[in-house]
> 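The structure is given below, and queries will be raised subsequently.
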Amino acid sequence: MADEIGLDLVEIAPEATPPVCKIMDFGKYKYEVAQKAREARQNQTHIVVKEVRLTPKIENHDYETKRSAVEKFLKGGDKVKITMKFRGREQTRPELGFKLLQRLAEDVKEIAFVEFAPKQEGRQMTMVLGPTKKKTEVVAEQKAAKAAKAKAAEAAEATAE
């Protein structure tokens, strides 16, 4: 029957009694499976840990610049590792670095949560912040915004003509 139609006879369940077979286009089936796998790979997200380095004697403007970089990374859906480096005599005052990390965590608390609290390891203190929104949500929002922007540009072009 399969040869008459020009399709393939595919065995679905060989263990069943009697074995179950299906008449189908096997090449088309393999192509569809490959397309689904490719689409699944495109939709998966990679969580990246970005790093920002600070020192305890940072000036206000530099702190604001670093804070805005941290916010940008968090809004992009990535985790951020903040490293406080202590040099020379700064090591005797780790509480200054701890206060600065706490201040940074407080400044970005709307978009992030503290995943790992500040912890000193030798000459550096590290803290990890995680975004409140998942990367998949951020990517979906960006795609929607891009589509809306394209529609608006299309509408503006149509009215200009």
> Taking all non-hydrogen atoms of both residues into account, name the closest pair between P131 and G77 and its distance.
CG-O, 3.6 Å
> For the atom pair CZ (F98) and CE (M127), what is the distance rounded to the nearest 0.5 Å?
9.0 Å
> Which distance, rounded to the nearest 0.5 Å, do you find between the CZ of R123 and the CZ of F86?
11.5 Å
> Side chains of V52 and F73, heavy atoms from C-beta outward: is any pair under 4.5 Å?
yes
> Test salt bridge (charged side-chain N to carboxylate O under 4.0 Å, His left out) on E71 and R67 and set out the steps.
CA-CA 6 Å; E71 286 177 354; R67 184 184 53 77; 2.6 Å; yes
> Drop me the distance from D62's CG to E59's CD, to the nearest 0.5 angstrom.
7.0 Å
> What distance separates D78 CG from K72 NZ, expressed to the nearest 0.5 Å?
10.0 Å
> Do K66 side-chain atoms and R53 backbone N/O form a donor-acceptor pair below 3.5 Å?
yes
> Are more than 12 heavy atoms, taken from residues, nucleotides or ligands other than E39, located less than 6.0 Å from that residue's CD atom?
no
> Which distance, rounded to the nearest 0.5 Å, do you find between the NZ of K57 and the CZ of R93?
10.5 Å
> Side-chain polar contacts of residues 107-121 - donor-acceptor pairs under 3.5 angstrom, sequence neighbours left out - could you list them?
unit_1, atom_1, unit_2, atom_2, d
D107, OD2, Y63, OH, 2.5
K109, NZ, E106, OE2, 2.9
E115, OE2, K79, NZ, 2.9
Q120, NE2, G122, O, 3.2

> State the CD-CD1 distance between E15 and I12, to the nearest 0.5 angstrom.
12.0 Å
> Does some side-chain heavy atom of M84 sit less than 4.5 Å from a side-chain heavy atom of L100?
yes
> Any side-chain heavy atom of M125 sitting closer than 4.5 Å to one from L101?
yes
> Extract all donor-acceptor atom pairs below 3.5 Å that involve side chains of residues 1-9 and protein atoms in other chains or at least two apart in sequence.
unit_1, atom_1, unit_2, atom_2, d
D8, OD2, F26, N, 3.1

> Would you kindly say whether E51 and T83 are connected by a side-chain donor-acceptor distance under 3.5 Å?
yes
> Does the side chain of E64 come within less than 4.5 Å of H61's, by heavy atoms?
no
> What verdict does the side chain to side chain contact (heavy atoms under 4.5 Å, CB included) test give for V80 and L74, after you've listed the backbone C-alpha separation in whole Å, the side-chain angles of each residue and the deciding distance to 0.1 Å?
CA-CA 7 Å; V80 181; L74 290 167; 3.9 Å; yes
> Taking CD in Q35 as the centre, count heavy atoms belonging to other residues, nucleotides or ligands within less than 6.0 Å. Is the count above 12?
yes
> Between the side chains of E141 and K143, is the shortest nitrogen-to-carboxylate-oxygen separation below 4.0 Å, so that they form an ion pair?
no
> Should V70 and V128 be counted in the same cluster of Ile, Leu, Val, Met, Phe, Trp and Tyr side chains packed under 4.5 Å apart?
no
